[in-house]
Amino acid sequence: MRIDVVTIFPEYLEPLNVSLVGKARARGQLDVRLHELREHTTDVHRTVDDSPYGGGPGMVMKPEPWAAALDQVVASAGPGDGAVPTLVVPTPSGRLFTQELAQELAGRPWLAFAPARYEGIDRRVIEEAAERMPVVEVSIGDYVLAGGEVAVLVIVEAVARLLPGVLGNAESHRDDSFAPGRMADLLEGPVYTKPADWRGRGVPEVLVSGNHGKIARWRRDQAFARTLANRPDLVERWDRDGMDKHDLAALGALGVWWDEEAGRFLHTPVDVEQ
Ligand code: JEK
């Protein structure tokens with residue numbers, strides 16, 4: 001996969017040289033190219049922002065440098081890149097970035113990212129780009145960042161680990177909690193490793209019992225309890241057909257039941273304390 005990033009802060013993207021993404025680049029599985037937006041300005045001050053039409057706080061990124069930078073990226077298409085990139089624009093008002101969207105993006109041969117600063121990019125840049133290439137405006141969550149670079153890091157890492165050969169076999173994405181599909185809306189339970197006794201704390205007996213049926217049952221119970229405590233919103237997405245009688249008993253003990261009328265699982269109010 002090829003990834004281009006246009007930014008005024010290329011140094012903010014240094015983490016792309018490290019760990020999973022860095023290794024994927026070194027192996028030639030990922031071709032990441034950074035572009036400095038200011039190199040596409042024409043004035044002595046290398047200006048990329050101006051005041052917003054209509055008034056209001058902050059500054060808006062000028063269209064000309066973005067258009068010049070994106071034109072150059074598009075013009076650099078090589079064999080196998082795909083005719084045009086999919087343009088990903090991080091913004092607080094974008095479509096929520098989920099594992100499903102990560103999978104969708106992982107299927108594209110070429111992504112271009114346009115992380116902004118200030119209050120964002122002049123709208124006409126996105127409108128014009130959308131006439132030439134697929135454009136996805138994405139938000140990584142319901143909080144406000146100071147710019148789009150961190151969102152690029154998040155999206156690139158989530159996408160890169162889905163590319164063929166990037167993850168080792170051992171850590172292959174077998175059951176990512178948020179992967180779309182049946183019973184995927186379940187958080188992972190706790191994990192433990194050696195030593196068996198650490199600062200007076202042991203490991204749950206069941207995990208050293210060697211009884212694989214009991215271990216699977218315990219892990220599922222832990223997953224149910226954690227999902228209910230931390231993400232009660234996921235409970236209503238649980239699939240009745242994915243539950244056996246042991247599951248239903250475990251859920252009953254947590255105050256979760258199948259409501260035939262509603263056609264979904266309901267639960268008693270969740271205690272917000274940990
Ligand atoms: C890209 C600039 C900063 C800050 C205006 C927006 C409601 C008005 C822009 N999940 C995410 N959160 N934030 C971003 C993100 C933030 C960005 C840029 C992405 C470029 N900023 C900024 C405030 C505002 N407010 C919230 C009130 C606009 C993001 C992603 N992805």
Side-chain angles (χ1 to χ4, degrees), residues 1 3-16 18 20-21 30 32-41 45-71 73 85-108 110-130 133-162 176-178 180 230-231 233-234:
M1 170 182 276
I3 294 179
D4 289 79
V5 186
V6 179
T7 172
I8 59 167
F9 293 130
E11 66 274 25
Y12 225 118
L13 295 152
E14 282 284 307
L16 297 178
V18 179
L20 176 124
V21 174
L30 205 53
V32 178
R33 305 183 195 181
L34 303 183
H35 310 271
E36 161 67 272
L37 182 70
R38 283 193 207 276
E39 288 182 5
H40 298 275
T41 57
H45 298 110
R46 312 228 290 170
T47 311
V48 294
D49 63 315
D50 204 339
S51 53
Y53 274 120
M59 299 291 270
V60 173
M61 295 193 95
K62 292 169 64 58
E64 303 94 326
W66 277 106
L70 294 175
D71 284 352
V73 168
T86 295
L87 182 64
V88 181
V89 185
T91 162
S93 39
R95 163 178 171 193
L96 190 65
F97 185 64
T98 60
Q99 190 64 24
E100 190 175 1
L101 183 49
Q103 284 177 353
E104 201 176 308
L105 296 177
R108 315 263 172 136
W110 185 8
L111 302 177
F113 288 88
R117 285 272 143 180
Y118 311 100
E119 300 293 305
I121 305 170
D122 186 302
R123 188 68 205 166
R124 294 168 291 182
V125 174
I126 284 83
E127 283 175 4
E128 194 210 41
M133 67 195 99
V135 176
V136 199
E137 292 180 275
V138 177
S139 162
I140 62 162
D142 293 337
Y143 37 79
V144 184
L145 300 171
E149 284 80 6
V150 167
V152 173
L153 295 175
V154 167
I155 296 165
V156 169
E157 183 163 307
V159 168
R161 67 184 286 284
L162 296 176
D176 294 334
S177 286
F178 295 92
N230 294 345
R231 293 293 305 276
D233 59 300
L234 295 180

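In each ligand, atom 1 is the first atom listed, and ligand 1 is the first ligand listed.
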Next on the checklist: For T41, give me all partners under side-chain contact (heavy atoms from CB on, under 4.5 Å), at least two apart in sequence or on another chain.
Outcome noted: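 Partners of T41 under the side-chain contact (heavy atoms from CB on, under 4.5 Å) test: D43, R46, V48, P65.
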
Next on the checklist: With a 3.5 Å distance limit and no angle check, can you tell me whether T47 reaches the backbone of D49 through a side-chain donor-acceptor pair?
Outcome noted: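 Not confirmed, T47 side chain does not pair with D49 backbone.
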
Are there any protein N or O atoms under 3.5 Å from the N or O atoms of ligand 1? List them with distances, or say none.
residue: ligand 1; atom: 10 (N); partner: S139; partner atom: OG; Å: 3.2
residue: ligand 1; atom: 10 (N); partner: I140; partner atom: N; Å: 3.4
residue: ligand 1; atom: 10 (N); partner: G141; partner atom: N; Å: 3.3
residue: ligand 1; atom: 10 (N); partner: G141; partner atom: O; Å: 2.9
residue: ligand 1; atom: 12 (N); partner: Y143; partner atom: O; Å: 2.7
residue: ligand 1; atom: 12 (N); partner: L145; partner atom: N; Å: 3.4
residue: ligand 1; atom: 13 (N); partner: L145; partner atom: N; Å: 3.0
residue: ligand 1; atom: 31 (N); partner: V138; partner atom: O; Å: 3.3

Item to check | side chain to side chain contact (heavy atoms under 4.5 Å, CB included) assessment of L13 paired with V32 | outcome: CA-CA 10 Å; L13 295 152; V32 178; over 6 Å; no

Checklist entry - Within a reach of under 6.0 Å around CZ of R124, are more than 12 heavy atoms found that belong to other residues, nucleotides or ligands? => result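 Count not over threshold, so no.
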
Next on the checklist: With side chain to side chain donor-acceptor pair (under 3.5 Å) as the rule and sequence neighbours excluded, what pairs involving residues 141-153 come up?
Outcome noted: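 Counting only pairs at least two positions apart or across chains, the side chain to side chain donor-acceptor pair (under 3.5 Å) contacts touching residues 141-153 are T7-E149, R117-E149.
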
Hey, can you pull the donor-acceptor pairs under 3.5 Å for the side chains in residues 56-63, sequence neighbours left out?
none

